[in-house]
Each structure stands twice: as structure tokens, then as C-alpha cells.
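We name chains A, B, ... by the order of the sequence lines, and we start the count at 1 in each one.
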There are 2 protein chains.
Amino acid sequence: MLKLTKKIDYALMAINFMSFKGESVANTRNIAEIYNIPLELLAKVLQRLAKKGFIVSQNGPKGGYTLAKDPNVITLGELIRAIEGPIQIVHCTEGDTSCLQTARCTIRSPLRKIEHKIVDFLDNVTIDQICSEEVPEELAV
Amino acid sequence: MLKLTKKIDYALMAINFMSFKGESVANTRNIAEIYNIPLELLAKVLQRLAKKGFIVSQNGPKGGYTLAKDPNVITLGELIRAIEGPIQIVHCTEGDTSCLQTARCTIRSPLRKIEHKIVDFLDNVTIDQICSEEVPEELAV
DNA sequence: TAATCGGCGATCATTAAGGTCGGATATATA
DNA sequence: TATATATCCGACCTTAATGATCGCCGATTA
Ligand code: FES
Ligand code: FES
């Protein structure tokens, strides 16, 4: 119900961590251990972020990820779309036939406007507004 | 993922319908048939709305519901809270111990601010901005 | 060439949402 | 007063989305 997913949380934590690592690579295991995130799940999230061009992967031993973009040019909206797909506050799309209410639905189009405004808002929140927390020195190996 | 529930949809449709009925009562079955909503589910939603004081119930035959408030003083935020409980974009509350990331979570409090802004927005959208659609005359029995 | 990393598809588990059922109480009307 | 029709309410089942796991591959570097 109007909730962000864990994947988004993980992505934000990971980006936060990477932004403190700067040029040096951060590997998945390291991040997973620090934040207590299931390794495989975090791996998937990072793969997705890499695919979408937010981070760059470095394969092989001593490999890992580095940020491809500055956190202040990535928006929360972009990040959500990258991981979860298009943001849809209201489930029924225009051409959708599966919804039984489609025929007499009085609310679809007004809700679209609200959706648009929320998306608009999310597209104006940059990641660095969220990722400004310190990473404890002793953990940022 | 950041989606409104069907219950909210149903509530909006019902309120829309009732606002066109004016003083005369609208019964659950009637609304359910028109909009193709599962009767029992709609009933529950309306009971919830009645309990929260948005609509007034009239028991017995010829009974039903009438609006207790003008749609232009009810906000979407209120409606969502009435039906689904408090709006939480981010799952983990402050005292929550169940989340494994709590210890080193860097994103909880920044996300709270975003949540607050969205809630603020929803609290400034009135229902009549959504419920402005016509109800076909032949159906509004 | 062995150990360490990311890449990827398939799969299972858990939870939340959507929907159903059965029985109760209230009330208008015949 | 009997009956039909309405709201009320809690328990329950089903389905879909999310969260998490597994196994195997290819890349890279020491
Ligand atoms: S079309 Fe599905 S609820 Fe409006
Ligand atoms: S406390 Fe649960 S993700 Fe931050």
C-alpha cells in the first residue's frame, strides 16, 4: 500500500556506500555484510543498476562496482523505475481489459493526474538528498 | 509498489455515486452492480467509511448509505488512512526491531521526509477533485 | 590454473491484497 | 407479528507480489 520495496532500500544503501568509496570499487559481499543484506538479492539489485547505467561493474577478483553518475544527478524516480519498472499508483492502464470496473470507472483519469504529480515529485528528489549519512570508517573496508 | 489498493478505488467510486444521489440513500448492492464490484468487499469498505464518519448508515429495508461530509472537505489522504491505516512509504518504523538493517540503516530518516511530503500532498487533494464524473442516469436508480 | 568476483535464470517462501462465506442485528412494510 | 431486505462483523480462503535462495556460468587477476 503505497510502499517502497526492500530492493529500493538496498539500492539506496549501496549507492550511499559507494559514494563514500569514491573511485575505489565496492564489492557486493562487502556491502551485504555491512548492511546485513542478503547477498544474492543485493547482487541482483546491483546488476540491475549496472545494466541501467547507474553504476559500473568491474569483473574478476578485486572487482566490484563504482558509481557511474553523481548521486546529485540521479533522482529517486529514476532509481525506482530502474529497479521496479514504471511507477503506477493506479493499477488499471487505459487499454486494460482485465479490470472489471473499466466499463463504468469514474476514477481512472483523475487518479492519473495525481499519479503524475507524485512521479513528478519523485523525479525531483535527488539521491544525494537521501544518501548523506556517514559510513563508519572501520566498516568501509 | 507505490500502488493504491482496490479498496480505495471502490471507496472513491462509491462516494462518487453517493454524491450524485444527494439526500436519498444508496444501498451496497446497487453500487456493486453498477460498478461491477464484489458485493461483500464493497460492503466492508462502506462499513469502514461509516465507522470513520465519512458516510451515515441507514439500517433495514430501504436502508443504505448517505454522505456525511461534502466531498470537497474530505481529502484523499484521510480516505486512505480510514481504509488502510497510516500511510507508510518506508516500512521500518523507528522502534522496529524486525528489520535486519536497522543497526546501520542510513536511509530511514531521509525517506521519512519524503514520505511526509507525499502525505502532505495527499492531504491536500480533495475527493471532489477525483469524483467529478457523471453517473449514467438510467443506472442511478 | 585456482580463487574470486560479477551475471543470470529458475525456483521457493513469505506476506499482503483481494475476495468469499456464514451468521448476526436492525427495520420497513405487509 | 412475520418476513424480506438491509447493514454489520469476523473468520476464512485464494491469488499475486515481494523477498529470498540456489546453481551454474563467464570474466579476471594473482
Ligand atoms: S479501470 Fe480499473 S478501477 Fe478504474
Ligand atoms: S531500518 Fe529497515 S531498512 Fe532502514
Side-chain angles (χ1 to χ4, degrees), chain A residues 1-11 14 18 24-33 35-52 54-66 68 80 83-88 90-92 98-101 141, chain B residues 1-11 14 18 24-33 35-52 54-66 68 80 83-88 90-92 98-101 141:
Chain A
M1 178 51 215
L2 226 51
K3 250 180 200 158
L4 293 177
T5 63
K6 278 283 183 186
K7 291 182 189 174
I8 306 292
D9 291 354
Y10 298 157
M18 285 186 241
S24 57
V25 296
N27 75 64
T28 312
R29 171 162 292 122
N30 195 199
I31 301 175
E33 282 171 0
Y35 294 104
N36 227 312
I37 302 172
L39 177 62
E40 294 83 3
L41 188 49
L42 176 63
K44 279 201 168 169
V45 171
L46 295 181
Q47 283 160 29
R48 203 68 165 276
L49 290 180
K51 214 169 203 173
K52 299 284 180 172
F54 293 96
I55 60 181
V56 173
S57 74
Q58 173 68 39
N59 217 332
K62 301 280 175 188
Y65 295 95
T66 47
I80 294 175
I83 296 177
E84 307 284 353
I87 300 171
Q88 291 190 322
V90 45
H91 4 240
C92 315
S98 65
C99 176
L100 294 172
Q101 287 80 45
V141 197
Chain B
M1 177 54 213
L2 224 51
K3 250 181 200 158
L4 292 177
T5 63
K6 277 283 183 189
K7 291 182 189 176
I8 305 293
D9 290 354
Y10 297 157
M18 286 187 244
S24 58
V25 296
N27 76 65
T28 313
R29 171 162 293 121
N30 195 198
I31 303 174
E33 281 172 0
Y35 294 105
N36 227 312
I37 303 172
L39 178 63
E40 295 81 3
L41 188 49
L42 176 63
K44 278 198 171 173
V45 171
L46 295 182
Q47 284 160 28
R48 204 70 165 275
L49 290 180
K51 212 170 204 172
K52 299 284 180 174
F54 292 96
I55 60 182
V56 172
S57 74
Q58 173 69 39
N59 215 331
K62 303 282 176 183
Y65 296 95
T66 47
I80 294 176
I83 295 176
E84 306 285 353
I87 300 170
Q88 291 189 322
V90 44
H91 4 240
C92 314
S98 65
C99 175
L100 294 171
Q101 286 80 45
V141 198

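In this structure the side chain of B:Lys6 reaches within 4.5 angstrom of the side chain of A:Cys92, judged on heavy atoms. Taking 4.5 Å as the limit, some side-chain heavy atom of B:Leu46 sits within range of a side-chain heavy atom of B:Met18.
Between the CG atom in A:Leu2 and the CG atom in B:Leu4 there is a gap of 6.0 Å [rounded to 0.5 Å]. The structure places CG of A:Leu49 at 5.0 Å from CD1 of A:Ile55, a figure rounded to the nearest 0.5 Å.
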If you restrict it to nitrogen or oxygen atoms, what contacts under 3.5 Å exist between nucleotides 15-18 of chain C and the protein, and what is each distance?
residue : atom : partner : partner atom : Å
C:dA17  : OP1  : A:Met1  : N            : 2.9
C:dG18  : OP1  : B:Lys6  : N            : 2.8

Would you tabulate the pairs of protein nitrogen or oxygen atoms and nucleotide nitrogen or oxygen atoms of nucleotides 6-12 of chain C closer than 3.5 angstrom?
residue : atom : partner : partner atom : Å
C:dG6   : OP1  : A:Thr28 : N            : 2.9
C:dG6   : OP1  : A:Thr28 : OG1          : 2.9
C:dG6   : OP2  : A:Thr28 : OG1          : 3.3
C:dG6   : O4'  : A:Asn59 : OD1          : 3.4
C:dG7   : OP1  : A:Ser57 : OG           : 2.9
C:dG7   : OP2  : A:Tyr65 : OH           : 2.4
C:dA10  : N6   : A:Lys44 : NZ           : 2.5

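Annotation for A:Tyr10 and A:Pro38: closest pair OH-CD, 3.9 Å, computed over non-hydrogen atoms. Shortest non-hydrogen contact noted between B:Met1 and A:Thr5 is SD-CG2, 3.5 Å.
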Output, in order, the C-alpha distance, side-chain angles, deciding distance and verdict of side-chain contact (heavy atoms from CB on, under 4.5 Å) for B:Lys51 and B:Gln47. CA-CA 6 Å; B:Lys51 212 170 204 172; B:Gln47 284 160 28; over 6 Å; no
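A search for side-chain contact (heavy atoms from CB on, under 4.5 Å) contacts involving A:Ala68 returns A:Val56, not counting sequence neighbours. Partners of A:Gln58 by side-chain contact (heavy atoms from CB on, under 4.5 Å), not counting sequence neighbours, listed by chain and number: A:Val25. Not counting sequence neighbours, B:Pro61 has no partner by the side-chain contact (heavy atoms from CB on, under 4.5 Å) test.
Nucleotides of DNA chain D that come within less than 4.0 Å of any heavy atom of chain A span, from the 5' end to the 3' end, D:dG19 to D:dT29.
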